[in-house]
Amino acid sequence: MLYYIVRRTAYAMPIAFGVSLVVFSLVHLAPGDPLSAVMGEIDARLLAEMRAHFGYDKPLYLQYFIWLGNVIVGDFGVSLRTGMPVIGILLPAAANTMVLGVLASALGFTLGTVAGMVSGYNHGTWVDKLVSSAAISGVSMPHYWLAIILVIVFSVELGWLPAMGIGNVPTLFSWAALKHMILPTIALAAIPGAIVARTTRACVMEILNMEFVEALRARGLTERRILLHVTRNALPTVLAVMGLQFANLLGGSILVETVFSWPGTGYLLNLAIFDRDMPVLQGTILLLAMFFVLTNLVVDILQTVTDPRMSRA
Amino acid sequence: MSPSRAPKVTVSMEVPLGVTQALDVPVGTLQLRTYWQTVWQRVLRDPVTLACGGVLLVLIAAAIFAPWLGLSDPFASDSAKRLLPVGSPDHLLGTDELGRDMLSRLVYGSRLSLTMGVVPVIAALAIGGVLGLVAGFVGGRVNMLIMRVTDVFYAFPSILLAVAIAGSLGAGVANTLIAITIVFIPPITRVTESVTTQLRAMDFVEAARASGASTYAIIRTHILGNVLGPVFVYATVLVSVSIVIAAGLSFIGLGASPPDAEWGLMLNTLRTSIFLAPLISILPGFMIFIASMCFNLISDGLRSAMDVRF
């Protein structure tokens, strides 16, 4: 077990290295260097001086290692627009995204597993058909469109909930703050909820067809006890999907955050792209991607813990 | 089972993957159904898949023949006719915030939106398919190299990677196509590789090699035919994702740019009108949803018809 964890962690290292390389290269896909895009037409001598100041005059590979070294110790550089350290903008934004991500996962995963279980158990009935059609709609749903519909219904027409922002509130744990989170949470929960529902349903159906369930029934176990066995067997697969969906949620929240002007990483990314503020762009993408790598690692390990057969493979 | 109208006795038989080649000949008066005939029969008995196929055909036909449908000019704005409601005379689906005909813009919009959904998947299929075939068939170090690079790109959430690439390249339809293609190469490579690796170990490939078939012949007749099915099913799911992501990129200002007619872009510019004309402002999103769902349902139907698992 421990051996597996060490091996799996060691395997994540080259991936993380590769990810950092991709994130760094992304910036150099753009024509011109990051500075000229921001500064526009200025004095050539001044531009050269600034280039030297930001280190953009060095060869690329050297720039990469300097950047990587700084990032490892938490220095993401300074924003080309505001001159503020990137880390100072990035962390609060990441916290805001995380709040939505956790809420949306809690909502989506709970609804998804319950719905998936119910429809898997009642395969072919109208409940199953209802859940399956809701799930396929959720999977195909452009969540930014769902966000707009929610705003129209609950903010414009009913006037119950605020349409945008995080509100001017002292703490996140208040009704005023929560009101701002309800609509973005629902919009974000749709896709992961639907995916978890589909996975759980398929999983439960497959397990119910297995011989050991028949054996449990023959031994006279109550349906409730059998449910426990089914849950236990579905756990590794569903858990893996949940982990991936959670990380995807954080990385993919840009569209929903844009609709609600939610001050998270997605919104920051949006601003950075249109300001061509490369250090902010690099920092945000790197943080989100690293989180994705980390989640994958944790999920793989958890999966092995819940299903010991895996570590023998 | 429907009775066969042909005088010959038709034996309906499930032909497992990989045996198509051997059983493709009629034996005496018995005519065996090939794998693809079986799949087609099953699809014909699946109303949902057929209906979705029909909707998609209508959408695609409308996109291709848009200029000949007698629609009004999708770019002609008229400030006197802004945000006319759905059902107005001359403007069946109303008008947008600049007084342009919505029906016409939605139909013309399908050209760009469907293209941005389908083209990246086809491009990724060509590149990822070859990479996966090579990785799976050659194995060893080549496999290691290709799959480890794939793992790195797999380590990004798909929307984030698309936004990051499109954002770095700059706004524009071409850049969006490139970005989404790059996003889809790794998943297609993975699926192709895993199917190819499984096939390579099968007895009929071994038998072909033992009987002196060339590598090219083995890949062409034994591998490709069997890889294509699962990968194609997977690609249809990706099209549905691609439509949503491509429109999403336009939605945040990275894909199409005004005054283009494109569903994501229209959804974005109409956001200013949600107070005055809520129904009209959600129409473009509805189109994205329908198109995406049809591809998803077709994929589900094909998957069960082809009995594919991955």
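Since this is a predicted model, take the numbers as computed values, not measurements. In what follows, chains carry the letters A, B, and so on, assigned in the order in which the sequence lines appear, proteins first and then strands, with residues in each chain numbered from 1.
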Looking at L250(A), V259(A), T284(A), which makes the most heavy-atom pairs under 4.5 Å with chain B?
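Of the options given, most contacts go to V259(A).
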Between [atom1] on residue [X] and [atom2] on residue [Y], distance to nearest 0.5 Å:
X	Y	atom1	atom2	answer
I252(B)	I273(A)	CD1	CD1	5.5 Å
L267(B)	I148(A)	CG	CD1	4.0 Å
I243(B)	S140(A)	CD1	OG	10.0 Å
Y154(B)	N296(A)	OH	CG	10.0 Å

So for [X], is it side chain, backbone, both, or neither that comes closer than 4.5 Å to the heavy atoms of chain B?
X	answer
L255(A)	both
I15(A)	both
V153(A)	neither

Has [X] got more than 12 heavy atoms of other residues, nucleotides or ligands less than 6.0 Å from its [atom1]?
X	atom1	result
Y64(A)	OH	yes
F274(A)	CZ	yes
F153(B)	CZ	no
Y267(A)	OH	no
M210(A)	CE	yes

Testing V293(A), I285(A), L288(A) one by one against F156(B) for a side chain to side chain contact (heavy atoms under 4.5 Å, CB included), which residue passes?
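The passing option is I285(A).
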Give me the one residue out of L269(A), N248(A), T265(A), I254(A) that meets side chain to side chain contact (heavy atoms under 4.5 Å, CB included) with L160(B).
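The residue from L269(A), N248(A), T265(A), I254(A) that satisfies side chain to side chain contact (heavy atoms under 4.5 Å, CB included) with L160(B) turns out to be L269(A).
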Give the C-alpha distance, both sets of side-chain angles, the deciding distance and a yes or no for side chain to side chain contact (heavy atoms under 4.5 Å, CB included) between Y144(A) and V244(B).
CA-CA 9 Å; Y144(A) 42 97; V244(B) 172; 4.1 Å; yes
Could you walk me through whether F289(B) and S137(A) pass the side chain to side chain contact (heavy atoms under 4.5 Å, CB included) test, one step at a time?
CA-CA 8 Å; F289(B) 176 54; S137(A) 310; 3.8 Å; yes
Provide the closest heavy-atom pair for [X] versus [Y] in the form atom of the first, atom of the second, distance.
X	Y	value
R198(A)	D300(B)	NH2-OD1, 3.1 Å
A247(A)	P157(B)	O-CG, 4.0 Å
G285(B)	P142(A)	O-CG, 4.1 Å
V152(B)	G18(A)	CG1-C, 3.5 Å

So D151(B) and Y11(A), side-chain hydrogen bond (donor to acceptor under 3.5 Å, both in side chains) or not? Walk me through it.
CA-CA 11 Å; D151(B) 283 351; Y11(A) 179 66; 2.3 Å; yes
Between A171(B) and chain A, which part of the residue has a heavy atom less than 4.5 Å away: side chain, backbone, both or neither?
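Contact with chain A involves no heavy atom of A171(B) at all.
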Between A162(B), S240(B), G248(B), which has the largest tally of heavy atom pairs under 4.5 Å with chain A?
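Highest number of heavy-atom pairs under 4.5 Å: G248(B).
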